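These notes concern the structure reproduced below.
Computed from a predicted model, the values in this text were never measured in an experiment.
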Amino acid sequence: KDVIRQHKDVPIAYNDLGSYFQKHEQLDSALVNFNEAIRLQSSFPEALVNRSDIFRVKGNYTQAIADCDSALAADKNYTQAHMNRGIAYCHVNKYDEALKDFSYVASKNSSDPSLYRNRGNLYDMSGKLDSAISDYSMAIQLDPESADAYFSRARSYVKMKKYKEALADLTVFDQINPDNKDLYIYRVQVYKEMGNYTAALQDAMTAKKLGVQVNEDYISDLKAHIGAQSK
């Protein structure tokens, strides 16, 4: 802010201030600053990629992709632009294009855990679950504290009906990232499929306390299963 007060035409100052707001989840303020950085320097790859993140989170995938295209026009080797564009492509079901971007990132930096998390998401979304599991496992190998990778692998295991494996991953996820409402949403399903209706009900009630909309018929169904088991 001090730099901007003294010099109103320094693009990097607006980009850095935008990054600060972005990290503190003040997305509208971040967007204002990224816009100004790009207005002052239209071919500013870092600001364009940062803005693409904002657009993606807001659901404007077309603009997110366009910003990454502009960043790559300025610097074709900018791996973060390929990564962000790949993520945005996934959201609009352009899986082949996303895979090309992720493959480029892999060719430049094969030790980046976020690459494997994001490519795992691509495989999960496109139904290639074995490949998704493989990539999530690599992300975990590179970053054993990656809560997202454990959660995502559990999600794929659920789709594969591998409930014991899913429960193991959700347990680790809970240890790394406790009291996350998404945990209870998925673990309810896992417990129910494993026949542990009491644990499923406990998770459903916890999810409800955390603000998750839980269908009362679903809760009644769990209670009915518990009653049937006790007879």
- [ ] Mind checking the CD1-CD1 spacing from Ile133 to Ile140? Nearest 0.5 Å is all I need.
- [x] 8.5 Å
Open item on the list: Under 4.5 Å between side-chain heavy atoms, counting indirect links through other Ile/Leu/Val/Met/Phe/Trp/Tyr residues: same cluster for Ile54 and Ile38 or not?
Closed with: no
Open item on the list: Testing the basics here: between Ala74 and Ser43, what is the closest heavy-atom pair and its distance to 0.1 Å?
Closed with: CB-CB, 4.0 Å
TODO: Kindly indicate whether the side chain of Tyr20, heavy atoms from C-beta on, has any atom under 4.5 Å from the side chain of Ser29.
DONE: no
- [ ] Check side-chain hydrogen bond (donor to acceptor under 3.5 Å, both in side chains) between Tyr104 and all other residues, then give those that pass, not counting sequence neighbours.
- [x] Asn77
Open item on the list: Using 30° and 60° as the class boundaries, would you call the ring planes of Phe151 and Phe173 parallel, tilted or perpendicular?
Closed with: tilted
Open item on the list: I need the full list of salt bridge (charged side-chain N to carboxylate O under 4.0 Å, His left out) pairs touching residues 157-185, with sequence neighbours left out, sorted by first then second residue.
Closed with: Asp124-Lys159, Arg153-Asp169
Task: Hydrophobic cluster membership, Phe21 vs Leu40, 4.5 Å side-chain cutoff - done: yes
Open item on the list: Strictly by salt bridge (charged side-chain N to carboxylate O under 4.0 Å, His left out), give each pair with a member in residues 82-98 just once, sequence neighbours left out.
Closed with: Asp69-Arg85, Arg85-Asp101
TODO: Tell me yes or no: between the side chains of Asp112 and Ser114, is some donor less than 3.5 Å from an acceptor?
DONE: yes
Open item on the list: Ring centres under 6.0 Å, that's the criterion: do Tyr78 and His82 meet it?
Closed with: no
Open item on the list: Quick one: does any side-chain atom of Ser134 pair with a main-chain N or O of Asp130 as donor and acceptor, under 3.5 Å?
Closed with: no
Open item on the list: For a 4.5 angstrom cut-off between non-hydrogen side-chain atoms, does Tyr218 reach Val188?
Closed with: yes
Open item on the list: Under 4.0 Å between a side-chain nitrogen and a carboxylate oxygen: does that hold for Asp203 and Lys208?
Closed with: no
Task: Beyond-backbone contact of Leu115 with Asn109, side-chain heavy atoms, under 4.5 angstrom - done: no
Open item on the list: According to side-chain hydrogen bond (donor to acceptor under 3.5 Å, both in side chains), who are the partners of Asn215, at least two apart in sequence or on a separate chain?
Closed with: none
Task: Spatial distance of atom CG (Leu48) from atom CG (Leu72) [nearest 0.5 Å] - done: 9.5 Å
Task: Over 12 foreign heavy atoms within 6.0 Å of CD, Gln6 - done: yes
Open item on the list: If only side-chain N and O atoms count, and only distance matters, is there a donor-acceptor pair under 3.5 Å linking Thr62 with Asn60?
Closed with: no
Task: Check against side chain to side chain contact (heavy atoms under 4.5 Å, CB included), Met125 and Leu122 - done: CA-CA 5 Å; Met125 294 167 74; Leu122 160 64; 5.8 Å; no
Open item on the list: I need the minimum non-hydrogen distance between Cys90 and Phe102, along with the two atoms involved.
Closed with: SG-CE1, 4.0 Å
Task: Asn121 side chain near Arg155 side chain, heavy-atom distance below 4.5 Å - done: yes
Open item on the list: Enumerate the side-chain hydrogen bond (donor to acceptor under 3.5 Å, both in side chains) contacts for residues 8-18, please, sequence neighbours excluded, ordered by first and then second residue.
Closed with: Asn15-Glu46, Asn15-Asn50
TODO: Report the C-alpha separation of Arg119 and Tyr116 in whole Å, then their side-chain angles, then the decisive distance to 0.1 Å, and conclude whether the side chain to side chain contact (heavy atoms under 4.5 Å, CB included) test is met.
DONE: CA-CA 5 Å; Arg119 195 172 66 181; Tyr116 297 100; 3.7 Å; yes
Open item on the list: Is there a side-chain contact between His225 and Leu201 in this structure, where contact means two heavy atoms from C-beta onward sitting under 4.5 Å apart?
Closed with: no
- [ ] For Ser52 and Val49, indicate whether the former's side chain and the latter's backbone hold a donor-acceptor pair under 3.5 Å.
- [x] yes
Task: Residue of the set Asn196, Thr206, Leu167 for which side chain to side chain contact (heavy atoms under 4.5 Å, CB included) holds with Arg187 - done: Leu167
- [ ] Would you please name every residue forming a side-chain hydrogen bond (donor to acceptor under 3.5 Å, both in side chains) with Ser152, sequence neighbours left out?
- [x] none
Task: Side chains of Glu36 and Val32 in contact at under 4.5 Å (non-hydrogen atoms) - done: no
TODO: Check the hydrophobic clustering (I, L, V, M, F, W, Y; side-chain heavy atoms under 4.5 Å; chains of links allowed) and say if Val92 and Tyr123 are grouped together.
DONE: no
Task: Separation of Phe34 CZ from Phe55 CZ (nearest 0.5 Å) - done: 10.5 Å
Task: OH on Tyr61 to CZ on Arg56, rounded to 0.5 Å - done: 8.0 Å
Task: Separation of Ile4 CD1 from Leu17 CG (nearest 0.5 Å) - done: 5.0 Å
Task: Tyr89 and Leu99, any side-chain heavy atoms less than 4.5 Å apart - done: no
Task: Residue pair Ser126 / Tyr95: nearest heavy atoms and the distance that separates them - done: CB-CD1, 3.8 Å
TODO: Apply the side chain to side chain contact (heavy atoms under 4.5 Å, CB included) test between Glu145 and each candidate in Asn177, Ile176, Val172; give the one that qualifies.
DONE: Ile176
TODO: Please answer: with hydrophobic residues joined when any side-chain heavy atoms are less than 4.5 Å apart, are Val105 and Tyr136 in the same cluster?
DONE: no
Open item on the list: For Pro113 versus Ser111, what's the shortest heavy-atom pair and its separation?
Closed with: CD-O, 3.2 Å
Open item on the list: Are Val212 and Ile185 packed together at the side-chain level, in the sense that at least one heavy-atom pair is separated by less than 4.5 angstrom?
Closed with: yes
Open item on the list: Between Ile219 and Tyr197, is there shared hydrophobic-cluster membership here, with clusters defined by ILVMFWY side-chain heavy atoms closer than 4.5 Å?
Closed with: yes
Open item on the list: I need the single residue from Leu170, Val214, Leu210 that forms a side chain to side chain contact (heavy atoms under 4.5 Å, CB included) with Tyr184. Which is it?
Closed with: Leu210
Open item on the list: If we count only N and O atoms by modelled type, under 3.5 Å, do the side chains of Arg51 and Asn35 hold a donor and an acceptor together?
Closed with: yes
- [ ] Might you point out which heavy atoms bring Ala88 and Ala64 nearest each other, and give the distance in Å?
- [x] CB-CB, 4.2 Å
TODO: Rounded to the nearest 0.5 Å, what's the gap from CD1 on Ile226 to OG1 on Thr198? Could you check?
DONE: 4.0 Å
